[in-house]
*Asks:* 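Supplied in structure tokens, the structure appears directly below.
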Number of protein chains: 2
Amino acid sequence: MKKVKISDAVVRRLPIYLRFLTELHNQKIKTVSSASLGQKLDMNPAQIRKDLAYFGEFGQKGVGYDVDFLIDKIRNILKLNQQIYVALVGAGNLGRALCNYNMYLKDNMKIVAVFDAGDSKIGERINDLIVQPMAELRQTIAERAIRIGIITVPADEAPTVAKQFADAGVEAILNFAPVKIRLPKEIRVHNADFTTELQSLAFYLDE
Amino acid sequence: MKKVKISDAVVRRLPIYLRFLTELHNQKIKTVSSASLGQKLDMNPAQIRKDLAYFGEFGQKGVGYDVDFLIDKIRNILKLNQQIYVALVGAGNLGRALCNYNMYLKDNMKIVAVFDAGDSKIGERINDLIVQPMAELRQTIAERAIRIGIITVPADEAPTVAKQFADAGVEAILNFAPVKIRLPKEIRVHNADFTTELQSLAFYLDE
DNA sequence: TAGATTGTTAATCGATTAACAATC
DNA sequence: TAGATTGTTAATCGATTAACAATC
């Protein structure tokens, strides 16, 4: 495992492999080939083999990949083998939806703190979480070893929140606000803005 | 404007340009160069010029781009110059969040119908929308000229919903469920799955 | 005119796919 | 052994960036 630079395109495919492999695991399927994976995921088998080969030799020639073994490997690559704590800022509808989402039950990612800038929401309950004021963000992140921040505030507030996350020592941010977040490049920012997503969809409408 | 194939990468950048140009418009800024756009958006100016040039000659040499003119052009390219109706299936937290979102107030995209498979939610009110049973999907989509479908149901139900959307004549789908949707390729599917997004973020954590 | 900036071609860079020797 | 499938190299394809003539 040398220090080859892994492209973002490769990294983004790993969760997709993981997801499908987990499905195979649930179906008690023990082994899978890149050909059959490729067929199910609508991807080129060579690409799948190459993606995996960046991280090691996980397959067996003439046989394919052991499903459970590969799941374990990908989880390790994605660092999902450890518990990762997440904080969310913005207790609006979207924020609440994410908190409620059971996704974090698997995959060792868990939203453990919610913040909001507006007084009205402080103290509100979202499942087992209580909405905290922004003033507590820094300390909570430090205390609870929170490493990822999710931003679900309106666009105009998002850059400030991002800054606060960064100052508090968060390592990565998932931004749902439709705005460009500018942070030092040590901090990874992914965008999940569905306005953009919807608008680019419109391009493909027929007329 | 020949029949050059426009790459998806280009199309996905157009909404980003549009967003920033709208900001400039609000600030009463009349003209912008690819250089300053590039600086603000952290993109290569040549790329911006090239992207725009696929669709026409929108700039003026020595001057730059007229903000309002360019906004209009991009809106036309993205087909946002017409009212586009959207239906949503899955009245859970995420679905409600999207319905509440005011994004559709601008940009002529509007969620005009919500459906859910579970009896319990039928008849519930989300703003000015009433949750309808799946049995009404087909007819409502036809009657109201709905062209885009949003899927916010659990992964196991998503493929069925996608099929129903397709059969009802929807032209494009935005899928929030963490599952691969397979449809005839005339129907454009974009994925907005934040589980995947979060997992690939984890890769970039420090250790 | 001089300075600025586009539109576009050519050069570069990176990602995907094909092909195949190695080997289970 | 014969068939299957990997890991990897080489070929292809596509996207980004640099460079610059055209021109406002």
Side-chain angles (χ1 to χ4, degrees), chain A residues 1-17 20-21 24 29-74 77 185 200 203, chain B residues 1-17 20-21 24 29-74 77 185 200 203:
Chain A
M1 226 184 290
K2 305 293 159 47
K3 254 198 26 204
V4 209
K5 174 115 186 335
I6 307 295
S7 90
D8 193 43
V10 174
V11 174
R12 284 176 178 279
R13 285 193 291 266
L14 295 178
I16 298 177
Y17 300 150
F20 188 70
L21 288 164
L24 294 180
I29 292 167
K30 297 295 180 205
T31 301
V32 70
S33 69
S34 62
S36 85
L37 264 178
Q39 219 205 332
K40 294 303 188 127
L41 296 174
D42 223 353
M43 296 173 68
N44 186 300
Q47 181 171 69
I48 297 173
R49 293 199 300 277
K50 199 160 203 284
D51 282 355
L52 297 173
Y54 281 114
F55 304 97
E57 307 199 355
F58 300 151
Q60 230 184 331
K61 289 174 184 168
V63 179
Y65 299 91
D66 181 281
V67 171
D68 287 358
F69 179 79
L70 193 52
I71 286 176
D72 188 58
K73 286 300 178 190
I74 297 181
I77 295 163
K185 66 177 176 324
S200 59
F203 176 85
Chain B
M1 224 185 293
K2 306 290 159 46
K3 253 191 38 199
V4 208
K5 173 112 187 332
I6 308 295
S7 90
D8 192 44
V10 174
V11 174
R12 285 175 177 278
R13 284 191 292 265
L14 295 177
I16 298 177
Y17 301 149
F20 188 71
L21 289 164
L24 294 180
I29 292 167
K30 297 294 179 207
T31 301
V32 70
S33 69
S34 62
S36 84
L37 264 179
Q39 219 205 331
K40 295 302 189 132
L41 295 174
D42 223 355
M43 295 173 69
N44 185 298
Q47 181 171 69
I48 296 174
R49 293 200 299 279
K50 198 158 203 283
D51 283 355
L52 297 173
Y54 281 115
F55 305 98
E57 306 199 356
F58 300 151
Q60 229 184 333
K61 288 173 185 174
V63 179
Y65 299 90
D66 181 279
V67 171
D68 288 357
F69 179 76
L70 193 51
I71 286 176
D72 188 59
K73 286 300 179 189
I74 296 180
I77 295 163
K185 67 178 177 321
S200 60
F203 176 84

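Convention: sequence-line order gives letters A, B, ...; per-chain numbering from 1. For clarity, every value in this text was computed on a predicted model and none was experimentally measured.
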*Asks:* Nearest 0.5 Å, please: how far is CG in B:Leu24 from OG in B:Ser36?
*Replies:* 7.0 Å
*Asks:* Rounded to the nearest angstrom, tell me the gap between atom CG in A:Asn44 and atom C1' in C:dA18.
*Replies:* 8 Å
*Asks:* Identify the two heavy atoms, one from B:Leu37 and one from B:Val32, that lie closest to each other, and give their separation to 0.1 Å.
*Replies:*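 Scanning both residues, the minimum pair turns out to be CG-CG2, 3.9 Å.
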*Asks:* Nearest-Å distance, CG (A:Leu70) to P (D:dT5)?
*Replies:*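 To the nearest whole Å, that distance equals 16 Å.
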*Asks:* Side chains of residues 8-17 of chain B: which donor-acceptor partners sit under 3.5 Å, not counting sequence neighbours?
*Replies:*
| from | atom 1 | to | atom 2 | distance (Å) |
| --- | --- | --- | --- | --- |
| B:Asp8 | OD1 | A:Tyr204 | OH | 2.7 |
| B:Asp8 | OD1 | B:Arg188 | NH2 | 2.9 |
| B:Asp8 | OD2 | B:Arg12 | NE | 2.9 |
| B:Arg12 | NH1 | A:Glu197 | OE2 | 2.7 |
| B:Arg12 | NH2 | A:Glu197 | OE2 | 3.2 |
| B:Arg12 | NH2 | B:His190 | ND1 | 3.4 |
| B:Arg13 | NE | B:Asp51 | OD2 | 2.6 |
| B:Arg13 | NH2 | B:Asp51 | OD1 | 3.1 |
| B:Arg13 | NH2 | B:Asp51 | OD2 | 3.3 |
| B:Tyr17 | OH | B:Asp51 | OD2 | 2.6 |

*Asks:* Out of curiosity, A:Lys5 NZ to A:Tyr54 OH, how far, rounded to the nearest 0.5 Å?
*Replies:* 10.5 Å
*Asks:* Rounded to the nearest 0.5 Å, how far does CG of A:Asn44 lie from CD of A:Gln39?
*Replies:* 12.5 Å
*Asks:* Is there a side-chain contact between B:Ile6 and B:Ile77, using heavy atoms and a 4.5 Å cut-off?
*Replies:* no
*Asks:* Are any non-hydrogen side-chain atoms of B:Tyr65 and B:Leu21 less than 4.5 angstrom apart?
*Replies:* no
*Asks:* Angle between the end axes of the helix from C:dG3-D:dC24 to C:dC24-D:dG3, five pairs per end, to the nearest 10 degrees?
*Replies:*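 If I round to tens, the end axes sit 10° apart.
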*Asks:* Just the rounded figure in Å: distance from C1' of D:dT12 to CD of A:Gln47.
*Replies:* 14 Å
*Asks:* Please give, in whole Å, the distance from D:dT16 P to B:Ile48 CD1?
*Replies:* 12 Å
*Asks:* Calculate the interatomic distance between A:Lys5 atom NZ and C:dC13 atom P; express it in whole Å.
*Replies:* 14 Å
*Asks:* Expressed in angstrom and rounded to an integer, what is the separation of A:Asp42 atom CG from C:dT16 atom P?
*Replies:* 14 Å
*Asks:* Would you call B:Phe20 and B:Lys40 a side-chain contact if the rule is heavy atoms closer than 4.5 Å?
*Replies:* yes
*Asks:* For nucleotides 6-11 of chain D, print each protein N/O atom paired with a nucleotide N/O atom at under 3.5 Å, atom names and distance only.
*Replies:*
| from | atom 1 | to | atom 2 | distance (Å) |
| --- | --- | --- | --- | --- |
| D:dT6 | OP1 | A:Ser34 | N | 2.7 |
| D:dT6 | OP2 | A:Ser34 | OG | 2.6 |
| D:dG7 | OP1 | A:Phe58 | N | 3.0 |
| D:dG7 | OP1 | A:Gly59 | N | 2.8 |
| D:dG7 | OP2 | A:Tyr65 | OH | 2.7 |
| D:dG7 | N7 | A:Arg49 | NE | 2.9 |
| D:dG7 | O6 | A:Arg49 | NE | 3.3 |
| D:dG7 | O6 | A:Arg49 | NH2 | 2.8 |

